[in-house]
Structures are given as structure tokens and as C-alpha cells.
Amino acid sequence: MKVTDPVCGLEFDEDLSVTHDYNSKKYHFCCDGCKKIFIKKPKKWSKKSNQ
Ligand SMILES: [Zn+2]
């Protein structure tokens, strides 16, 4: 299954993703760097992915 990184917008396989739970929703990231960026400003990035 393909997932999209809300931070950089990259599409990749779910198996390769780094995951993080926020507001009982699971987010997928291409790397730890993107995950850290998300955690710093989760409101900003989670809004983007709801479009
Ligand atoms: Zn990324």
C-alpha cells in the first residue's frame, strides 16, 4: 500500500515508512528527519494531509 509523507509529499511503500501517531491518526514518513519536523509542528502538517 502506498502512503504519502505529509511533510515532504513523497509517495512510498507503507512497509518502508516511519510511523507516528497523532490525534489517534497514523502518519507515515519517508525518514526520521520528516518525522521530527512533523512532531515539532503537528498541527501545521496534519492539516495539510486532511485535504
Ligand atoms: Zn519525507
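One-based numbering, in listed order, for ligands and for the atoms of each. FYI, side chains are in, hydrogens and waters are out, and symmetry mates aren't considered; it's all heavy atoms of this structure.
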*Asks:* Can you see which heavy atom on Ser46 is nearest to which on Tyr27, and at what distance?
*Replies:* CB-OH, 3.2 Å
*Asks:* To the nearest 10 degrees, could you say what angle the Zn ion (ligand 1) makes with SG of Cys30 and SG of Cys8?
*Replies:* 110°
*Asks:* Is there a side-chain contact between Phe38 and Pro6 in this structure, where contact means two heavy atoms from C-beta onward sitting under 4.5 Å apart?
*Replies:* yes
*Asks:* From Cys31, does some N, O or S atom reach closer than 2.8 Å to the Zn ion (ligand 1)?
*Replies:* no
*Asks:* How close do Asp5 and Cys30 get, heavy atom to heavy atom, and via which atoms?
*Replies:* OD2-N, 2.9 Å
*Asks:* Please name the atom of Asp5, limited to N, O or S, that comes nearest to the Zn ion (ligand 1).
*Replies:* OD2
*Asks:* Please round to the nearest 0.5 Å and tell me the distance separating atom NZ of Lys2 and atom CZ of Phe12.
*Replies:* 9.5 Å
